[in-house]
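Numbers restart at 1 for each chain; the letters A, B, ... are given by sequence-line order, proteins then strands.
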2 protein chains.
Amino acid sequence: MAVTMNDVAKAAGVSLKTVSNVINNYEFIRPATKQRVLDAIDELGYETNLTARSLRSGKTKMLGLVLADLSIPYYAELASDIMKAAWSRGYRVLVEQSGNEAEHEKAALQGQFRSLTDGLLFIPLTLGAQQIIDAAGKKPLVLLGEFVQDPRLDMVLIQNHEAAAAVTTHLLAGGRRRIAVLGADDGETTGSAGLRLSGYKAALADAGVEYDPALVVRCEWRRDGGAAAVAGLLDSGADFDAVFGLNDALALGALHELLVLGKRVPEEIAVAGFDDIEEARFASPSLTTVAPGRAEIAERAVELLIERIEGNMAAPEVRQLQAAFELRVRKSAT
Amino acid sequence: MAVTMNDVAKAAGVSLKTVSNVINNYEFIRPATKQRVLDAIDELGYETNLTARSLRSGKTKMLGLVLADLSIPYYAELASDIMKAAWSRGYRVLVEQSGNEAEHEKAALQGQFRSLTDGLLFIPLTLGAQQIIDAAGKKPLVLLGEFVQDPRLDMVLIQNHEAAAAVTTHLLAGGRRRIAVLGADDGETTGSAGLRLSGYKAALADAGVEYDPALVVRCEWRRDGGAAAVAGLLDSGADFDAVFGLNDALALGALHELLVLGKRVPEEIAVAGFDDIEEARFASPSLTTVAPGRAEIAERAVELLIERIEGNMAAPEVRQLQAAFELRVRKSAT
DNA sequence: CTGAAAGCGCTTACAG
DNA sequence: CTGAAAGCGCTTACAG
């Protein structure tokens, strides 16, 4: 049905191999021959069948990207950056939504899905390091996010501890002393939440401010989670003059709820977040937050993964890269 | 390198065909044989090579989705819904970002990319109907959004006119008489902007309120576009008591800018949008808007496209479906 | 510089 | 119910 390389070869009066050479930019082709082939391609409207190429070459030129859900702004923005980074290197991205479910994460790691991609960018949310290592095949894998940390796995990291400390220090510098943290458990030490919480604690300690576990509230990292958490905190009669949401979504939810409940932000209560999604700039008041280096993360993750895919190193050293962060001071906590 | 069906066949002591039968759930297999094959699959860790299957069957079980950019919330939320709808029907989605550029849109329509998908969901932003028809191959294509309307093309539509009229009528019912429209040109009549503008005009006419072209401001459908547009309007000394942003992003940008400039919303100026992205609910004040039926659009578009892909109708009638909309009244315009 | 041939891993008539 | 064989459209040694 479709036009094949064979048709082109016949039309141009050359062999299959010559057409292939032209398509793959093999250097040593007589210009006249090349032109004839190109003309035939044009005339017949030939297009490479990428499926056939993949089967033969064993490469799909596609990267898998496993994340919870594209409706979460941070992931959507990251996915956009990753797709651009991949595209500029000749790769496409196949997104898989895990919905934050272990089954889906496992399926993405080992299922047939893997045969469609040359490597995987994976933002684990439920699976642990060992499970990932067990489930993952031999194909290259680069982790993003910090729910998992393991010296055996390639990953691109955010400076969670340092960035969270910077946010906290900024709040402290603004005179806040009772800073509520939304999105972590008091005892947590690992994963994004634990690392950010430890940065918060470190900043408090540096400033000689006492840590109060009553100000640490667990909640989902979503707008409605932040809203509920801050409402609960107010309800409980807790005394606080600032809120640090461990991501922007929940910080924005908290901000919204505070305003609904008649609190003045930042006069009575300052609010800060983490991620610097675009929405943060346009909230009212605009949200103070920290940019974790999203574009850099996307670039480096794609670069590293492609290096693994195309590299011929036998047993490469594990690489764990870190992106630079930047505090963004806005109206919600000046 | 990888385990193939042949390996499984040998291990199970059957022919290739039998393995294929088991994998594809062919009914008439002796249970014992089937079990032996399944055991072998399990033991060897066999996984179907989807690339090979695609080459042979001519189907990739992938749908292409072409949109401007995933960092735009409405598209991200729509993409998420579309991926879920496709997934539940056994299809994957390959997203292509056009960046709102004609070259990319054309490439997505006709390039090699097409060979990776069985059909395309396309949100055109720059290409016209004729260009789309010319560029598109013979593979199924379903359009989303309303920048293009043409009786020859399958599409799933938003009730732009009616929904915009509903928003406008709501603002009028709230006593507003000078309603600025952001995101359209005065003369526009086609595309999402034109259709929404015409709904606005119709609602004004119904209420006996005069249409004032000076209140119609063209701007990009993004947060910063809306912010700039409303700032320009205030600058020009225009007199208005409400703002209707033709999508939520620009309405939220306008809302933010109004508050920055010290206007009280909704007391002095009411604000309404279009799309009902999640962010709208958590803006402060929360944004009145209209939900265009995103989930329904996703479902029906996927359903229609798959029907085209799998259907065996020779020359099916063109189908143009419409989703139901719903006004969401919130604080920005009560 | 170019040709003839093998083979990537499946599915699918065609036999039996 | 199951086997042997062809072929999807490419790429890639191997020759020349």
Check: Touch check for Thr51(A), heavy atoms < 4.0 angstrom, all strands: base, sugar-phosphate only, or nothing?
Finding: nothing
Margin query: By nearest atom, which of the nucleotides dG9(C), dG3(D), dT2(C) is closest to the Leu55(B) side chain?
Written below: dG9(C)
Checklist line | Interatomic distance, Glu47(A) CD vs dC8(D) P [rounded to whole Å] | finding: 19 Å
Checklist line | Rounded interatomic separation in angstrom, taking NZ from Lys34(B) and P from dC1(D) | finding: 12 Å
Next item on the list: Answer yes when Asp81(A) and Arg294(A) have at least one side-chain N-carboxylate O distance shorter than 4.0 Å, and no when they do not.
Entry: yes
Notebook entry, point to check: Distance only, no hydrogens: is a donor on one side chain within 3.5 Å (strictly under) of an acceptor on the other, for Gln97(A) and Ser80(B)?
Noted result: yes
Check: Does Met62(A) reach the side chain of Val93(A), with side-chain heavy atoms less than 4.5 Å apart?
Finding: no
Checklist line | Distance test, side-chain N/O of Thr33(B) to OP1/OP2 of dT2(D), below 4.0 Å | finding: yes
Checklist line | Interatomic distance, Lys10(A) NZ vs dT2(C) P [rounded to whole Å] | finding: 20 Å
Notebook entry, point to check: Using a cut-off of 4.0 Å between protein heavy atoms and nucleotide atoms, how would you tag nucleotides 11-16 of chain C 5' to 3' with B, S and -?
Noted result: BBB---
Next item on the list: Give Ser54(A) one of three labels, base, sugar-phosphate or nothing, depending on what nucleic acid heavy atoms sit under 4.0 Å from its own.
Entry: nothing
Note to self: Looking at Glu43(A), I want to see if its CD is surrounded by more than 12 non-hydrogen atoms of other residues, nucleotides or ligands under 6.0 Å.
What the structure shows: no
Notebook entry, point to check: Paired stems touching DNA chain D, three or more consecutive Watson-Crick or G-U pairs with both distances under 3.5 Å?
Noted result: C:1-3 with D:14-16, C:5-12 with D:5-12, C:14-16 with D:1-3
Note to self: Tell me the interatomic distance from Lys59(A), atom NZ, to dG9(D), atom P, rounded to whole angstroms.
What the structure shows: 24 Å
Item checked: Short side-chain N/O contact to dG9(C) OP1/OP2 from Thr4(B), under 4.0 Å -> no
Note to self: Regarding Gln35(B) and Arg30(B), do their side chains bring together a donor and an acceptor under 3.5 Å, going by distance alone?
What the structure shows: no
Checklist line | Value in whole Å for how far the C1' atom of dC10(C) lies from CD1 of Ile41(B) | finding: 13 Å
Check: Does one side chain, of Ser71(A) or Asp69(A), offer a donor that lies under 3.5 Å from an acceptor on the other?
Finding: yes
Margin query: What I want to find out is whether Asp118(A) reaches Lys59(A) closely enough, with some N-O distance under 4.0 Å, to be called a salt bridge.
Written below: no
Note to self: If I take atom CZ from residue Arg152(B) and atom CD from residue Gln320(B), how far apart are they, to the nearest 0.5 angstrom?
What the structure shows: 11.0 Å
Note to self: Distance check, rounded to the nearest 0.5 Å: Ser15(A) atom OG versus Lys10(A) atom NZ?
What the structure shows: 12.5 Å
